[in-house]
2 protein chains.
Amino acid sequence: MRASNSRPTIKDIAKVAGVGVVTVSRALNNKPDISDSTRERIVALADQMGYRPNRHARFLKLSHNPAIALIIKGIDNPFFQQVLDPLEAIVREKNYLLTVVKVPHWADEVEEATKIVDEELMAGAIFLGGSFRHEASVFKKFNVPFVLSTVSRLPKVDDSAYSSVAVDDQEEATRAVQHLIDLGHTTIAALGVPEGDASVGAQRITGYRQALSNAGIPLDDDLIRFETREQMNPYTYEHGYHLAKRLLQERPDVTAIFAIADVLAIGAMRAIREAGLSIPDDMSIIGFDGITIGQFVEPELTTVVQPPLEIARLTCDVLFEQINDSAPVRHVFVPATIHAGGTTAPLVQSGEAK
Amino acid sequence: MRASNSRPTIKDIAKVAGVGVVTVSRALNNKPDISDSTRERIVALADQMGYRPNRHARFLKLSHNPAIALIIKGIDNPFFQQVLDPLEAIVREKNYLLTVVKVPHWADEVEEATKIVDEELMAGAIFLGGSFRHEASVFKKFNVPFVLSTVSRLPKVDDSAYSSVAVDDQEEATRAVQHLIDLGHTTIAALGVPEGDASVGAQRITGYRQALSNAGIPLDDDLIRFETREQMNPYTYEHGYHLAKRLLQERPDVTAIFAIADVLAIGAMRAIREAGLSIPDDMSIIGFDGITIGQFVEPELTTVVQPPLEIARLTCDVLFEQINDSAPVRHVFVPATIHAGGTTAPLVQSGEAK
DNA sequence: TTGTATGCGTTATCAT
DNA sequence: ATGATAACGCATACAA
């Protein structure tokens, strides 16, 4: 039953067609130096015999494997799905195979990627998300082109060591918080980057601090909420829920929340409702990402929208120009937009809070 | 720059170590017939030289590729993510590589799968979701074990042609609709399986009809809503929203909705709110799947919960017992449970609707 | 315990 | 235009 032994090889086809293997190879790969008549004959025969090329054999010889590894960490965030989808389409369109490797959020994504890429002799890699705690050295091991998607600056690593396509997380976060400040809020909490995350989470928090600082609002670290439970994905509705639950208990003076991800915001919204507060009248909240579900919760989520299609397209552009043309590393920033939903409102100046 | 030419092979290691290639091969694969001292020496050397086995070479020889293809159609449904995640973990734990192939919902998933599996000489395949319009014949082409996950009965195909792990979609749908009937509803609409879908969608609609029939409620096909726009994924919030929007305009007599997927239900909830109706007082709605976000919308979604972990585990069980022990095909049904949220309520007997 | 020779399916080189 | 042969990296049967 465990067939596959029955699969015809070019040798079999050659035998049946009464030609040499190399002729078959040429016919199947649209190479020159072969008469149209024999080509057609062979192609038809191969099709009829149910021939499939053996990638292992082919790429053992060619040592060029048209495959891209897509390393994705923290898949739970639906936003990644929204960029993964077009990414996959584009890669396939270029006749490359995309191998998606999900790594648990506590694992070392670069380590995993190196292994896969090396063993499979892949042509390149894309890191979607991820929290890079790495030193520059780990990227040295990487001997194929790679791009960081939705991740921009890496604090410990020199720009020249990698490429990236992302929104300016810090800048956009500042704008988001500025939006809350413009509405009159001054006691603004932030949810929640775990310590040690050296990536988008940290940058968005930096943006938060920046906005407060710009506005002359004193920083209060107690308002920056996160949790560091091991083996727990920080980008989940649950996490946002728990963070907000505690926040509301401990800090009834808060009137607005900046969540570094929509999933956290949506989880927080439930906690806010459970606390008997109304959104946005008693509590404003703004998210980050622009995931689809944000438009279907009540009220519709106000958030910083990252353009998934554009990110996907640019990621592929940068990657393939490195693969095909040996182009140098590049850092692309794409603009985000604030989508005004119904979760933010001007601060009501009165003492009736709580 | 495009290195990978620099990767050491066992030949290089053998040269440096002053031994034969076969000794290296044995050392690296923990084979017997090799002294511990040389093994350790070689392993250390390989590590130091940054050796990585070349899968192409290895599996060209072995013609057994420890890789599983995961074909997933209609990825937009978040429920698939919830089973994909543990699935991936289990497969990796068994030291198999999982290649996820997403196919657009209008493509032929079996065709795609056959190609990949053949070319990569994969050991097996898992179909996650999908709408199988196929005749039995297409499965004959498949010469490796495969399992349909979250899909049970295929109308046109004999049971002996495939394995499956899923809830009993028809039965559970009947229970869901029965739940609405028990609350006193009689004018119950259903959202939305496109015509031609021969899979879970159709079965859940069949379950809906069954429930009405059991209760002696006359069937009204106008209450079964779906759309057949080409190239449009039916399992989205948007789709549910549009279906409900029209339904509410055309049929103000409806008091309850059965959605064949949670995404549709959640999309519909927005349409219901926009129509000025309250959930569940003016309109009850029940979903199917048990996606996480259902617990974070307001009110919390009442739904039929499929157990993703159990489905993932059983899918792997069935697949690997076929791969390793040549076990026969098997059909596993897992029980679902109705999660009582806040979107269903007893019918209020009065004329104030609308 | 270790090494030599062979072949997996394919493509490139060099012939004819 | 076509074919014989070598080579890709690895693992196995067999010999030493």
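Side-chain atoms are counted along with the backbone in the values below, which use heavy atoms only and exclude waters and symmetry mates. Throughout, protein chains are lettered first and strands after them, A, B, ... in sequence-line order, and every chain is numbered starting at 1.
For residues 81-90 of chain A, the pairs satisfying side-chain hydrogen bond (donor to acceptor under 3.5 Å, both in side chains) are A:Gln82-A:Thr292, A:Asp85-B:Lys102, A:Glu88-B:Lys102, with sequence neighbours left out. Contacts classified as salt bridge (Lys or Arg N to Asp or Glu O under 4.0 Å) and involving residues 22-33 of chain A (residues at least two apart or in different chains) are not found.
The span of DNA chain D lying next to chain A, judged by atoms under 4.0 Å from heavy atoms, is bounded 5' to 3' by D:dA1 to D:dG9. In 5' to 3' order, the nucleotides of DNA chain C bounding all contacts with chain A (an atom under 4.0 Å from a heavy atom) are C:dC8 to C:dA12.
Among residues two or more places apart in sequence or in another chain, the side-chain hydrogen bond (donor to acceptor under 3.5 Å, both in side chains) test is passed with A:Ser164 by A:His331. Partners of A:Ala17 by side chain to side chain contact (heavy atoms under 4.5 Å, CB included), not counting sequence neighbours, listed by chain and number: A:Val19, A:Arg41, A:Ile42, A:Leu45. For A:Ala44, there are no side chain to side chain contact (heavy atoms under 4.5 Å, CB included) partners, not counting sequence neighbours. Applying the side chain to side chain contact (heavy atoms under 4.5 Å, CB included) criterion to A:Leu62, with sequence neighbours excluded, gives A:Arg58, A:Phe59. Under the ring pair (Phe, Tyr, Trp, His ring centres under 6.0 Å) criterion, A:Phe142 pairs with A:Phe127, A:Phe146, sequence neighbours left out. B:Arg313 pairs by the side chain to side chain contact (heavy atoms under 4.5 Å, CB included) definition with B:Ile90, B:Glu310, B:Asp317, not counting sequence neighbours.
With the end axes of the helix from C:dT1-D:dA16 to C:dT16-D:dA1 each set by five pairs, the angle from one to the other reads 40° at 10° resolution.
Among the protein residues, A:Val19 comes within range of the sugar-phosphate backbone only, with heavy atoms under 4.0 Å from sugar or phosphate atoms but none that close to a base. A:Leu62 comes within 4.0 angstrom of sugar-phosphate atoms only, judged by non-hydrogen atoms across all strands, and of no base.
The closest donor-acceptor contact from the side chain of B:His56 to the backbone of A:Glu120 lies under 3.5 Å.
Contacts between residues 24-39 of chain B and DNA chain C, counted as heavy-atom distances below 4.0 Å, involve B:Arg26, B:Asp33, B:Ile34, B:Ser35, B:Thr38.
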